[in-house]
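To start, the structure itself, in structure tokens.
Order of the sequence lines sets the chain letters (A, B, ...), proteins ahead of strands, with each chain counted from 1.
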Number of protein chains: 2
Amino acid sequence: MSHIDVGALLKHQPLFQQLSERQILALVSHTHEVRGAKGQMIFQRGDPCEGLFVVVYGRVKLAIPSQQGAEKVVEIIHPGQSFAEAVMFLGRPYPVFAQFLEDGMLLKIRAEGILGAIDSDTGFARSLLAGLSLRLHGMLRDVERYSLENAQQRVIGYLLQYVGDTPGELGAVVELDIHKNLIASRLNLTPETFSRVLQQLGKAGLLRVEGKTITIPNTAALAGWGGE
Amino acid sequence: MSHIDVGALLKHQPLFQQLSERQILALVSHTHEVRGAKGQMIFQRGDPCEGLFVVVYGRVKLAIPSQQGAEKVVEIIHPGQSFAEAVMFLGRPYPVFAQFLEDGMLLKIRAEGILGAIDSDTGFARSLLAGLSLRLHGMLRDVERYSLENAQQRVIGYLLQYVGDTPGELGAVVELDIHKNLIASRLNLTPETFSRVLQQLGKAGLLRVEGKTITIPNTAALAGWGGE
DNA sequence: CGAAATTTTGAGTAATCTCAACGTTAGTGG
DNA sequence: CCACTAACGTTGAGATTACTCAAAATTTCG
């Protein structure tokens with residue numbers, strides 16, 4: 001059961017869309033599957049970097065460990081996304097650890113494979129550059145939020161990310177697809193503060209919290225809320 | 001006086017070291033000088049991106065504007081470094097503004113030039129990837145600091161960045177080469193808090209503050225300080 | 001169904017910010 | 001070159017946001 005067509009998997013990942021059959025084949029020899037169960041570590045912070053990863057299915061948590069078991073969630077990686085590219089190019093140890101959020105499967109591609117693909121296809125190089133640029137921008141937006149926004153604004157911003165901008169529709173329903181303590185960590189908040197902010201916004205009539213389901217009657221009102 | 005050999009300037013920038021004479025020439029046609037006086041804006045947040053910049057001399061501040069004139073300093077760019085690469089690859093408006101910290105000169109290179117260089121030299125593509133990776137890591141370290149460290153630790157970390165790690169030497173002198181309010185902003189602190197932390201560390205005997213000169217008698221003691 | 005993890009709620013605390021005043025440095029123009 | 005002014009930096013007192021610790025309620029998962 002463990003024999004799968006790695007080439008076919010690679011071909012369907014966004015990052016490799018533009019590679020030719022031939023180039024995919026070249027990558028295959030540098031690739032191998034990594035399967036893991038929920039909670040399993042993929043690598044620890046400080047481990048030597050062996051290549052980049054592409055998520056086939058399952059989600060992955062990237063986080064920084066800190067004292068007394070606390071951790072800071074840096075990013076949640078979804079299927080189709082890749083991670084650890086930057087580390088690969090620098091040849092440094094991982095600055096974060098990676099862990100399966102649920103049973104999942106990854107492809108690990110060694111640096112030689114990626115570097116080879118860059119040399120054989122400048123379009124691929126551009127894809128990588130675009131991917132890194134995107135990540136950099138995401139991180140910049142995080143920095144902006146941590147620096148300039150308070151707890152309420154960060155929570156509101158997070159929720160609004162998930163409302164599809166359907167013009168004409170005032171309201172929205174956001175389904176939180178990860179645990180609230182992970183969201184809190186992403187937002188640099190304690191779980192307690194995150195919970196309180198949600199309750200607070202609920203009492204202000206801006207949203208309704210039912211477990212992982214957040215109903216926002218009027219997204220514009222939520223977006224424009226000053227905290228009165 | 002305004003005619004300068006742009007090619008020669010380009011050739012001496014770290015980013016373009018590996019390009020051939022021919023490739024540099026190709027870049028020149030996409031490049032033009034930008035000179036500016038201290039305090040002058042290079043671009044505003046939201047401006048359309050026209051290319052990437054390389055600093056020839058002078059330093060540049062990248063920052064995010066916020067309400068009532070406050071601003072969050074994201075990075076200080078030194079001569080030889082480039083900025084706005086990520087924005088160029090994404091074709092988005094600038095997420096930060098850029099301003100000369102002193103009289104300076106930049107080279108602005110339009111996207112076509114860079115994309116052409118990527119296509120003609122995969123080594124250059126790798127350089128760009130490494131550069132973006134480095135920036136991403138720097139930003140990750142910032143996030144880590146904002147998230148997991150308190151004011152004292154952030155200040156200590158900042159100072160220790162600037163001590164050359166000369167083994168055998170206990171002490172060090174750090175010359176702050178930018179205004180303290182910029183450092184404070186970089187560290188996500190108010191100028192008041194930054195000042196107080198420095199005084200506090202001074203009273204604890206860990207360092208001595210004389211204007212922009214910080215003397216650290218024992219860097220290991222400063223690094224290991226818990227805040228007692 | 002039961003144990004473990006997550007989430008909520010409450011009360012008190014601590015770190016950092018805000019506002020205000022004063023001192024100092026640096027840059028400008030006469 | 002000096003005097004002046006504006007920007008920068010320090011200090012104090014008080015306010016405030018978000019955190020910590022603790023316990024109860026709820027959900028999730030085996």
d(CD, A:Gln199; C1', C:dT7) in whole Å: 9 Å
Check: B:Arg59 main-chain N/O paired with B:Glu102 side-chain donor or acceptor under 3.5 Å: yes
Spacing between A:Ile214 atom CD1 and C:dT7 atom P, to the nearest angstrom: 11 Å
Nearest-angstrom distance from the residue atom CG of B:Leu176 to P of D:dC8: 15 Å
Side chain B:Arg196 and base C:dT18 donor-acceptor under 3.5 Å: yes
Interatomic distance, A:Lys180 NZ vs D:dT28 C1' [rounded to whole Å]: 14 Å
B:Leu207: which of B:Leu222, B:Ile156, B:Thr219 passes side-chain contact (heavy atoms from CB on, under 4.5 Å): B:Leu222
Plane angle bin for A:Tyr94 and A:Phe43 - parallel if under 30°, tilted between 30 and 60°, otherwise perpendicular: parallel
Gap between atoms CD and C1', on B:Gln200 and D:dG12 respectively (whole Å): 15 Å
Side-chain heavy atoms of B:Phe97 within contact of B:Glu71, under 4.5 Å: yes
Nearest-Å distance for atom pair CZ/P, residues A:Phe194 and C:dT6: 15 Å
Contact nearer the 5' end of DNA chain D, comparing A:Glu192 with A:Lys212: A:Glu192
Nearest-nucleotide 5' precedence on DNA chain C, B:Lys38 against B:Glu149: B:Glu149
Residue-phosphate contact under 4.0 Å: A:Asn181 side-chain N/O, C:dA5 OP1/OP2: no
Selected nucleotide, minimal atom distance to A:Thr193 side chain, candidates C:dG27, C:dT7, D:dA18: D:dA18
NZ/NE/NH1/NH2 to OD/OE distance under 4.0 Å, B:Glu50 and B:Arg110: no
Spacing between B:Leu182 atom CG and D:dA7 atom P, to the nearest angstrom: 14 Å
Atom-pair distance (CG on A:Asn188; P on C:dA15), nearest Å: 18 Å
Residue closer to the 5' end of DNA chain C, A:Leu198 versus B:Thr190 (nearest nucleotide): A:Leu198
